[in-house]
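Note sheet for the following structure.
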Amino acid sequence: MELLLSLKTAFPLVIALLVNLALSLAIYRQWRRLRQPLQTYQGVLLAVLSCWAAAAVVLVLLFPGNTSGQANLYLLSTFRSAWNQWSLTELLQILLQFALFLPLGLLAALLGEPFCRLRWLLPVSVSCTATLSCAKFALERGSFTLDDLLLNTLGVLTGFFLGKLIWTVWHKERLGPPLVKALVLPVCCLVALGGVFSVYYGSEFGNLALSPSHRQPMGSVTVTVDADLSEAEGTASVYRNAIASTARPGDTIASLLAAEMNLNLSSTVLQTGQQRQFTLTDQEGREYAFSISLRDGSWRFSSQGDEAVSVSGSLDSVRWRWESWLTENQLLDRAAVYSLDDSGSLRWDMSAPEDLAAYQNDFTAGSLVITLTRGDVPASITSNMATYQYVREAEILSPAEACQLIERGRFSWGQALQRGDQLTVTGCQLTYATDSKGYFQPVYTFSCTVNGEETEAISVSALK
């Protein structure tokens, strides 16, 4: 196992050397055509370019993405996924892919003739990007996506025209055309980004993570409906998770937990995607973790202690202590139902109203579980208890209209349909999901079978 890990670490470095060598040979060939001595500034730029190539390879291959060993050949699917998730992490990944190859175009333009030619630069950049993507895919260090090629190419072009602008200013040549070319791509990107933010914040409701980033290939798949789906349109209630209006979710809860269990709360807060993570320590230096979801307000406190249920005093006294503290700090509704689960953990539950679509009132739902230890600090506290505020009634699609989205492949699914598969819709239920703005909006969940075998349900947005 150690040998395998060593090889996986060494392969990116070997590939970095190979890509660096190939890039150096391409530059050397171009320089030979120039038949002029290499100037000092060109030597410096070539050294910087070599360092960039090595750093880019190591950055791509040593820091894998969220998915590994997958090929995504759907153009612009990365952008749609970032839109659906509305995630800062995915947006930063897109910007990183854009900026990663920008130095190549910039340095090539500053090198001057014969390097500052797109007919030489674009093939080199595309081949380098494709090589890195294929190596990343083969080594299971990430996924191969066409969007990476597109973003890297746009980054090269942006850097190239920016470099041409600097070259023009440096040599005091005519500034007009280079300035226009240098500004076209950045301005277009800023306009597109501004349009995306305007559409998002101009819409009342947020985006659903379950929305598809690309269409499923349904041309060779037979879809049949073995359920009575109504064609009548209607309305359904939309709610809002109360945590969505909290400016800094988690800070208050983390402070309350620290004070109750005599822990020190670190001032450093790590945010990864939709999670905010806090670190707490006790007097002996042991660390505890607290994390909260920015999307739905669910949170978890955990320690490294023994998870065996062995407490001093009666279990009832422990239950009342925590129940009083939780309700006093508005972390638990007084109407929550207490139980002792099979593992010996303390548990409180609240069920959502049966007909959420017609309820039209605020409600609290979810569960809170405390796993005890021998000490005063629990092994874990996990809560997805949330209060939902009624917003308004919204028009929704009929079940039959929503099913047509499945027939057209406009749904997200964990498994890929194969040629000749028989997808059968066996039922439909109106459920709810939290969107990127914290709204609890209706979705249709279709139960399905593939070739006669039950499979995971398919969910699509119900709002018009």
Legend entry - Any pair counted as side-chain hydrogen bond (donor to acceptor under 3.5 Å, both in side chains), so long as it reaches residues 183-204, sequence neighbours left out: Y200-S436, E204-R392
Minimum side-chain heavy-atom gap [X]-[Y] below 4.5 Å:
X: W325; Y: E260; answer: yes
X: L294; Y: Q275; answer: no
X: L265; Y: S255; answer: yes
X: Y444; Y: I458; answer: no
X: I406; Y: L423; answer: yes
X: V48; Y: L107; answer: yes
X: I94; Y: T78; answer: yes
X: F161; Y: L183; answer: no

Inset, instruction - Flag this pair as yes if the NZ/CZ of R300 is under 6.0 angstrom from the six-membered ring centre of F290 and inside a 45 degree cone about the axis; otherwise no. - result: no
Using a 3.5 Å distance criterion without hydrogens, assess whether the side chain of [X] forms a donor-acceptor pair with backbone atoms of [Y].
X: N384; Y: S298; answer: no
X: D296; Y: G438; answer: no
X: D147; Y: L76; answer: yes
X: S345; Y: L340; answer: no
X: N152; Y: L149; answer: no

Pair [X], [Y]: side-chain N/O donor-acceptor within cut-off below 3.5 Å:
X: S230; Y: S398; result: no
X: N84; Y: S81; result: no
X: S237; Y: E393; result: yes

Between [atom1] of [X] and [atom2] of [Y], what distance do you get to the nearest 0.5 Å?
X: E287; Y: L263; atom1: CD; atom2: CG; answer: 11.5 Å
X: T222; Y: E407; atom1: OG1; atom2: CD; answer: 11.5 Å
X: Q429; Y: F446; atom1: CD; atom2: CZ; answer: 11.5 Å
X: L96; Y: L91; atom1: CG; atom2: CG; answer: 11.5 Å
X: L102; Y: L162; atom1: CG; atom2: CG; answer: 7.0 Å
X: L397; Y: E395; atom1: CG; atom2: CD; answer: 10.0 Å

Legend entry - Reference residue F301; test side-chain contact (heavy atoms from CB on, under 4.5 Å); the match among T382, I292, I253, I381: I381
Legend entry - With Y388, the ring-ring contact (aromatic ring centres under 6.0 Å, His included) member among Y439, Y432, F363, Y239: F363
Taking all heavy atoms of [X] and all of [Y], pick out the closest pair and write down the distance.
X: L100; Y: P103; result: O-CD, 3.4 Å
X: L368; Y: L331; result: CD1-O, 3.9 Å
X: L121; Y: G105; result: CD2-CA, 3.9 Å
X: Q441; Y: L463; result: OE1-CD1, 3.3 Å
X: S351; Y: A365; result: C-CB, 4.2 Å
X: L280; Y: A289; result: CD1-C, 4.4 Å

Inset, instruction - Evaluate the side-chain contact (heavy atoms from CB on, under 4.5 Å) criterion for residues Y359 and Y390: first the C-alpha distance (whole Å), next the side-chain angles of each, then the deciding distance (0.1 Å), finally the verdict. - result: CA-CA 9 Å; Y359 187 63; Y390 172 71; over 6 Å; no
Inset, instruction - Please test Q422 against T224 for side chain to side chain donor-acceptor pair (under 3.5 Å), starting from the C-alpha separation and ending with a verdict. - result: CA-CA 8 Å; Q422 174 78 35; T224 58; 3.1 Å; yes
Inset, instruction - Decide yes or no on salt bridge (charged side-chain N to carboxylate O under 4.0 Å, His left out) for R334 and E323, but give the supporting numbers first. - result: CA-CA 9 Å; R334 295 185 182 278; E323 188 170 286; over 6 Å; no
Inset, instruction - Evaluate the criterion side-chain contact (heavy atoms from CB on, under 4.5 Å) for residue pair V225 and L229; output intermediate values, then yes/no. - result: CA-CA 9 Å; V225 180; L229 301 180; 3.7 Å; yes
Inset, instruction - Inspect the contact between D349 and R347 and indicate whether a charged nitrogen and a carboxylate oxygen are less than 4.0 angstrom apart. - result: yes
Inset, instruction - Before accepting this row, confirm whether a basic side-chain N of the pair R295/D435 lies closer than 4.0 Å to the acidic partner's carboxylate O. - result: no
Inset, instruction - Kindly determine whether L146 and Y74 satisfy side-chain contact (heavy atoms from CB on, under 4.5 Å), including the steps that lead there. - result: CA-CA 7 Å; L146 287 181; Y74 296 97; over 6 Å; no
Inset, instruction - Applying side chain to side chain donor-acceptor pair (under 3.5 Å), name anything that partners S447, two or more places apart in sequence or on another chain. - result: T426
Distance-only donor-acceptor hits, side chain of residues 206-219, under 3.5 Å, sequence neighbours excluded:
| unit_1 | atom_1 | unit_2 | atom_2 | d |
| --- | --- | --- | --- | --- |
| N207 | ND2 | W83 | O | 2.6 |
| S211 | OG | L208 | O | 3.3 |
| Q216 | NE2 | F411 | O | 3.4 |

Inset, instruction - Walk me through it: do L106 and T158 pass the test side-chain contact (heavy atoms from CB on, under 4.5 Å)? - result: CA-CA 8 Å; L106 177 65; T158 302; over 6 Å; no
Inset, instruction - Please indicate whether N361 has more than 12 foreign heavy atoms, meaning atoms of other residues, nucleotides or ligands, lying under 6.0 Å from its CG. - result: yes
Legend entry - Centroid-centroid distance, W299 to F278, less than 6.0 Å: no
Legend entry - Proximity of W52 and F101 rings by center, below 6.0 Å: yes
Inset, instruction - Please lay out, stage by stage, how W86 and F197 fare under the test ring pair (Phe, Tyr, Trp, His ring centres under 6.0 Å). - result: CA-CA 10 Å; W86 198 252; F197 277 87; 5.3 Å; yes
